[in-house]
Amino acid sequence: MKGEIVYLYAFDVANEITTSRVREILSEKPFPFEIRMDRTLPKDMPLYKPLAIAPAPLPSLLQAHPVRPLVRIYDVGVVTIMMRVDFTAGGVGELMPYHHPVLADGRALDAVAKEMCLQVISSLQDSIVGRSEYEMVPEAYTVFCLTDLSSPRDVNQWLAEQRRAVAGLLSETPAERLSEAQVTEILRIQRSFENSDLVVVDWDAALIVDLENYLDDVLYALELANLQLEELRVMDQRLDRYLDRAYEDLERPRLPLLGSTSISLRNLRRFRMDVTKLTDEITHITKFFGDWHLARVYLGARERFYLEQWRASVEQRLAQLDKLYSVVHAEANEQRMLVLEIIIVIFFALDLWLLFKGNK
């Protein structure tokens with residue numbers, strides 16, 4: 001069998017990237033990504049199109065084959081890097097070593113992707129808004145793509161014959177050790193449009209079989225789901241840390257006349273607006289796919305990545321943030337009323353004192 005291994009890396013690098021300002025990335029002119037339009041789909045259907053460049057292959061080989069990178073820039077503040085390497089194998093089991101890619105020069109492919117991302121960030125300085133303050137830990141995902149099965153033409157029948165081997169590959173577990181229940185669970189999310197194509201989505205890896213040798217549209221759908229997982233995961237961490245700091249600030253004693261409550265209130269309001277905007281933007285990029293098959297692939301990946309659970313976690317913390325905002329707002333109003341009452345009492349006492357002194 002022949003095909004390629006595709007490694008997807010999603011890096012959260014900023015709150016926003018103004019793609020309209022981007023003229024060059026790594027000294028190359030970017031181009032908008034396009035998917036094929038040969039299937040039936042609604043006319044004038046909008047599709048999110050990130051900017052992309054295809055740099056030269058890496059100088060070092062992986063399993064004696066060149067590695068072809070592809071960089072995409074998303075205006076939600078994410079840089080994705082796709083690494084593609086061809087392979088020829090006698091069976092599915094021979095692809096197991098590709099789970100941990102190491103180049104011929106000894107460098108891990110993950111480290112090379114991170115280094116390339118840093119170079120991309122450096123070339124986008126004028127377009128980045130709100131650089132991320134956290135360490136870049138990418139959301140990595142491996143896709144095994146088969147484009148030639150030698151003889152079978154019905155890929156669904158081929159999967160039925162190779163189901164245990166495929167489950168072992170996707171779970172990085174020897175096939176003979178897997179229970180039948182686990183094999184069924186790994187292969188549960190399948191999508192197929194014709195007898196010549198098939199997609200199986202698991203948590204850490206996916207299998208794409210496309211005998212027509214057109215993989216980019218399906219890879220794009222998986223990349224978007226992986227991107228959203230990275231954004232929701234980072235957002236959840238940011239909310240946790242921010243809420244912890246906010247609670248600590250509120251527990252500290254404050255003097256009402258120093259305006260510390262107003263500062264906390266202003267910070268909470270700004271952060272809540274930023275998170276709400278980002279949540280809406282990462283949802284918008286998959287609002288319209290046009291191609292129903294791609295939409296089904298994305299929905300399968302969304303289910304496997306538990307994106308709805310991640311989104312619910314973020315929304316729960318947003319609700320906590322709203323509650324905290326209300327508490328701080330009420331506290332600020334109470335402090336203002338207290339100050340006003342004290343001032344009124346002081347003026348009333350002063351008026352009485354002056355009146356008493358005048359009578360004397």
Side-chain angles (χ1 to χ4, degrees), residues 12-21 74-78 121 124-137 228 230-285 308-360:
D12 179 85
V13 301
N15 292 337
E16 182 181 351
I17 299 177
T18 309
T19 54
S20 58
R21 298 180 185 173
Y74 292 82
D75 54 15
V76 293
V78 174
I121 293 173
L124 294 175
Q125 288 297 336
D126 297 336
S127 306
I128 289 180
V129 179
R131 175 74 183 273
S132 177
E133 59 184 10
Y134 302 105
E135 180 184 0
M136 288 196 314
V137 179
Q228 289 183 317
E230 165 70 3
E231 284 290 86
L232 290 170
R233 180 182 63 81
V234 171
M235 196 183 305
D236 188 76
Q237 293 177 350
R238 290 178 61 191
L239 282 168
D240 276 343
R241 296 177 186 178
Y242 191 86
L243 284 170
D244 289 341
R245 290 199 304 265
Y247 284 126
E248 290 175 0
D249 290 340
L250 292 177
E251 290 174 355
R252 295 194 186 101
R254 297 184 299 273
L255 297 176
L257 296 179
L258 295 181
S260 56
T261 302
S262 299
I263 295 174
S264 299
L265 191 63
R266 186 164 55 252
N267 291 337
L268 280 173
R269 184 167 55 244
R270 183 185 302 115
F271 186 76
R272 185 180 63 166
M273 291 177 61
D274 289 344
V275 172
T276 303
K277 178 184 177 184
L278 185 57
T279 304
D280 178 70
E281 286 177 345
I282 65 173
T283 303
H284 177 73
I285 61 176
E308 289 304 313
Q309 286 81 351
W310 278 104
R311 193 185 309 280
S313 176
V314 169
E315 290 176 352
Q316 179 184 2
R317 283 160 175 76
L318 276 176
Q320 291 176 333
L321 192 60
D322 286 336
K323 184 177 180 180
L324 187 60
Y325 176 86
S326 300
V327 169
V328 175
H329 191 269
E331 182 181 342
N333 288 335
E334 290 176 1
Q335 289 179 349
R336 295 188 189 101
M337 293 302 297
L338 178 61
V339 172
L340 289 175
E341 289 175 1
I342 292 174
I343 293 174
I344 291 173
V345 170
I346 291 175
F347 276 109
F348 181 72
L350 181 62
D351 187 57
L352 289 177
W353 180 77
L354 292 175
L355 182 61
F356 178 76
K357 186 177 180 181
N359 290 336
K360 280 189 173 183

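If you're wondering where the values come from, they're calculated on a predicted model, not measured in any experiment.
- By the side-chain hydrogen bond (donor to acceptor under 3.5 Å, both in side chains) test, S127 pairs with no residue at all, sequence neighbours left out.
- Taking each heavy atom of R311 and L232 in turn, the nearest pair found is N-CD1, 4.2 Å.
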Could you go step by step and tell me if R233 and E230 meet the side chain to side chain contact (heavy atoms under 4.5 Å, CB included) rule?
CA-CA 5 Å; R233 180 182 63 81; E230 165 70 3; 2.6 Å; yes
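- Rounding to the nearest 0.5 Å places CG of L338 at 10.0 Å from CD1 of I343.
- Taking CG of D351 as the reference point, atom CG of L355 lies at 6.5 Å (rounded to 0.5 Å).
- When all heavy atoms of G77 and I17 are compared, the pair lying nearest together is CA-CG1, 3.8 Å.
- Residues V13 and I121 share a closest heavy-atom pair of CG1-CD1, 3.4 Å.
- Evaluation of the side-chain contact (heavy atoms from CB on, under 4.5 Å) rule for I344 yields no partner, not counting sequence neighbours.
- Counting non-hydrogen atoms of neighbouring residues, nucleotides and ligands closer than 6.0 angstrom, the CG atom of D126 reaches no more than 12 such neighbours.
- When all heavy atoms of Y74 and T19 are compared, the closest pair comes out as C-CG2, 4.4 Å.
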